[in-house]
Amino acid sequence: MYRYNPAVQKTFELIKSGKIGEIYSINAEMSTYHPKEYKRWLTNFGGGIMYILGCHLIDLIVYIMGKPDKITTFLKHTNLDGVDFADNNLAVLEYQKALARVFVSSVEVNGFGRRQFMVSGSKGTVNICPIERPLTMTYSDTHIADATYEDRKIFIPFEDNTATGRYDEMMKDFYAYIKGTKENPFTYEHEYALQEVLSEIIGGVKIYSKNID
């Protein structure tokens, strides 16, 4: 979902250029406050909201960091509106020196406004919050953040396509991949690793096929 988000693409660029340095932390959140009918539909999937929304964030983390050394998951059931499923979830992915946190919830009031993808390393931090509508990205490095207890950052401007055409560039590239004029940066190996990590986080992929109406 977010692979072709302009700010996510810029984050990949900053990482590859070395401007972030060695990555120590990734914080990813993708929550909302779902109506009862949608939550009933989510009971069809093992892992609930982590399966539906968390997968998009896990995709980016695995693309940047690879498979983690250890995964710890907290899948909580609030039973809000009388619907019982994993609707308040946290996963912690451990690497040799880094921690990645994925939080997704169906019960966070104005959760959409706090959707975030932040990467922090030895040289700098990039923070996308909100991830879309409006797309907002800040960047800071050791020169910009020259005061320990003050918020020092710059805003990176984008043409915000997240409201009207966030999948347009993805479909153009998909066409190019099929035609063989462009190489897909998301390899089969990445896709398989993503599914392995997601499956471990949610305790195995399960589709129950109930509450479809």
Please say yes or no: joined through hydrophobic side-chain contacts below 4.5 Å, possibly via intermediate residues, are Ile128 and Phe155 part of one cluster?
no
Between Asn88 (side chain) and Ser105 (backbone), is there a donor-acceptor pair under 3.5 Å? no
**OP:** Return yes if some donor-acceptor pair links the side-chain N/O of Thr32 with the main-chain N/O of Ser106 below 3.5 Å, else return no.
**Re:** no
*asked:* When you measure from the side chain of Lys206 to the backbone of Gly203, do you find a donor-acceptor pair of N or O atoms at a distance under 3.5 Å?
replied: yes
Exercise. May I ask whether Ile61 and Phe74 are part of the same hydrophobic cluster, defined by side-chain heavy atoms of I, L, V, M, F, W, Y residues being less than 4.5 angstrom apart, directly or through others?
Key: no
On a heavy-atom basis, the closest approach of Leu75 and Ala86 is CB-CB, 4.1 Å
* To do: Determine, for Phe186 and Arg3, whether the Lys NZ or Arg CZ falls below 6.0 Å from the six-membered ring centre while staying within 45 degrees of the axis.
  => yes
**Q.** Derivation and outcome, salt bridge (charged side-chain N to carboxylate O under 4.0 Å, His left out), residues Glu13 and Lys10
**A.** CA-CA 5 Å; Glu13 177 186 319; Lys10 181 64 175 179; 3.1 Å; yes
In terms of heavy-atom contacts, Ala7 and Leu135 come closest through CB-CD1, 3.5 Å
Is the number of heavy atoms from other residues, nucleotides or ligands within 6.0 Å of CZ (Phe174) greater than 12?
no
Next item on the list: For the residue pair Ile23 and Val119, establish whether any side-chain heavy-atom pair is separated by less than 4.5 Å.
Entry: yes
request  = Could you tell me whether Tyr177 atom OH has more than 12 heavy atoms of other residues or ligands within 6.0 Å of it?
outcome  = yes
What I want to check is whether the side chains of Tyr33 and Asn110 have a donor and an acceptor closer together than 3.5 Å. no
Interatomic distance, NZ@Lys179 vs OG1@Thr181, rounded to 0.5 Å, equals 8.0 Å
CH2 (Trp41) and CD1 (Ile52) are apart, to the nearest 0.5 Å, by 4.0 Å
TODO: Please answer: with hydrophobic residues joined when any side-chain heavy atoms are less than 4.5 Å apart, are Leu194 and Tyr4 in the same cluster?
DONE: yes
Item to complete: Check whether any side-chain heavy atom of Glu108 sits under 4.5 Å from a side-chain heavy atom of Phe103, and report yes or no.
Response: yes
Check your understanding: With a 4.5 Å limit on heavy-atom distance, are the side chains of Met30 and Phe117 in contact?
Key -> no
Residues Asp173 and Lys182 bridged, charged N to O under 4.0 Å = yes
### Message
Under 3.5 Å, is there a donor on one side chain and an acceptor on the other for Asp59 and His190?
### Response
yes
**Report entry** Asn27 side chain vs Met118 backbone, donor-acceptor pair below 3.5 Å
**Finding:** no
Q.
Check whether Asp81 reaches the backbone of Val83 with its side chain - one donor and one acceptor, N or O, closer than 3.5 Å.
A. no
dist Ile156:CD1 -> Ile154:CD1 (nearest 0.5 Å) comes out at 5.5 Å
Less than 4.5 Å apart, side chain to side chain, heavy atoms only: is that true for Ile58 and Met50?
yes
Could you check whether atom OH of Tyr51 has more than 12 heavy atoms from other residues, nucleotides or ligands sitting under 6.0 Å from it? no
Rounding to 0.5 Å, atoms CD1 (Ile71) and CG (Leu198) come to a distance of 9.5 Å
Determine whether a donor-acceptor pair (N or O, by modelled atom type, separation under 3.5 Å) exists between the side chain of Tyr95 and the backbone of Ser25. no
CA sep, side-chain torsions, deciding dist, call: Lys153, Tyr139, side-chain contact (heavy atoms from CB on, under 4.5 Å): CA-CA 6 Å; Lys153 62 197 177 188; Tyr139 169 76; over 6 Å; no
Check your understanding: Is the closest side-chain heavy-atom distance between Tyr208 and Thr43 below 4.5 Å?
Key -> no
Value for CD1 (Ile20) from CG (Leu14), rounded to nearest 0.5 Å, stands at 5.0 Å
Quiz prompt | Minimum side-chain heavy-atom gap Tyr167-Met1 below 4.5 Å | solution = yes
- Go through the steps for Tyr63 and Phe12 under the test ring-ring contact (aromatic ring centres under 6.0 Å, His included), then give the verdict. CA-CA 9 Å; Tyr63 182 68; Phe12 293 159; 4.8 Å; yes
Interatomic distance, CD@Gln96 vs CD@Glu22, rounded to 0.5 Å, equals 8.0 Å
For Ile201, does its backbone N or O pair with a side-chain atom of Thr73 as donor and acceptor, under 3.5 Å? yes
| Got Lys39 and Leu80 here, is their nearest side-chain heavy-atom distance under 4.5 Å? | yes
key: Shared hydrophobic cluster for Val197 and Tyr192 (ILVMFWY, side-chain gaps under 4.5 Å)   = no
Quiz item: When you look at CE of Met170, are more than 12 heavy atoms from neighbouring residues, nucleotides or ligands closer to it than 6.0 Å?
Solution: yes
Item checked: Whether Asn5 side chain and Val8 backbone form a donor-acceptor pair below 3.5 Å -> yes
Self-check item: Asp141 and Lys123: CA distance, side-chain angles, deciding distance, side-chain contact (heavy atoms from CB on, under 4.5 Å) verdict
Solution: CA-CA 6 Å; Asp141 59 26; Lys123 295 181 180 179; 5.8 Å; no
Item to complete: Measure the shortest side-chain to side-chain distance between Leu93 and Leu99 over non-hydrogen atoms and say whether it is less than 4.5 angstrom.
Response: no
Any donor-acceptor pair under 3.5 Å linking the side chain of Ser31 with the backbone of Gly111?
-> no
Residues Ser122 and Gly21: closest non-hydrogen pair is OG-CA, 3.5 Å
Closest non-hydrogen contact found for Gly113 with Cys129 is O-SG, 4.3 Å
query = Given Ser120 and Thr125, is the side chain to side chain donor-acceptor pair (under 3.5 Å) satisfied, shown in steps?
reply = CA-CA 4 Å; Ser120 183; Thr125 295; 2.8 Å; yes
If we count only N and O atoms by modelled type, under 3.5 Å, do the side chains of Thr138 and Asn127 hold a donor and an acceptor together? no
**Message:** Strictly distance-based, threshold 3.5 Å: is any side-chain N or O of Ser199 a donor or acceptor partner for the main-chain N or O of Glu196?
**Reply:** no
- Can you get from Phe45 to Phe85 by hopping between Ile, Leu, Val, Met, Phe, Trp and Tyr side chains that sit under 4.5 Å apart? yes
Check this for me: does any side-chain nitrogen of one of Glu29 and Arg115 sit under 4.0 Å from a carboxylate oxygen of the other?
no
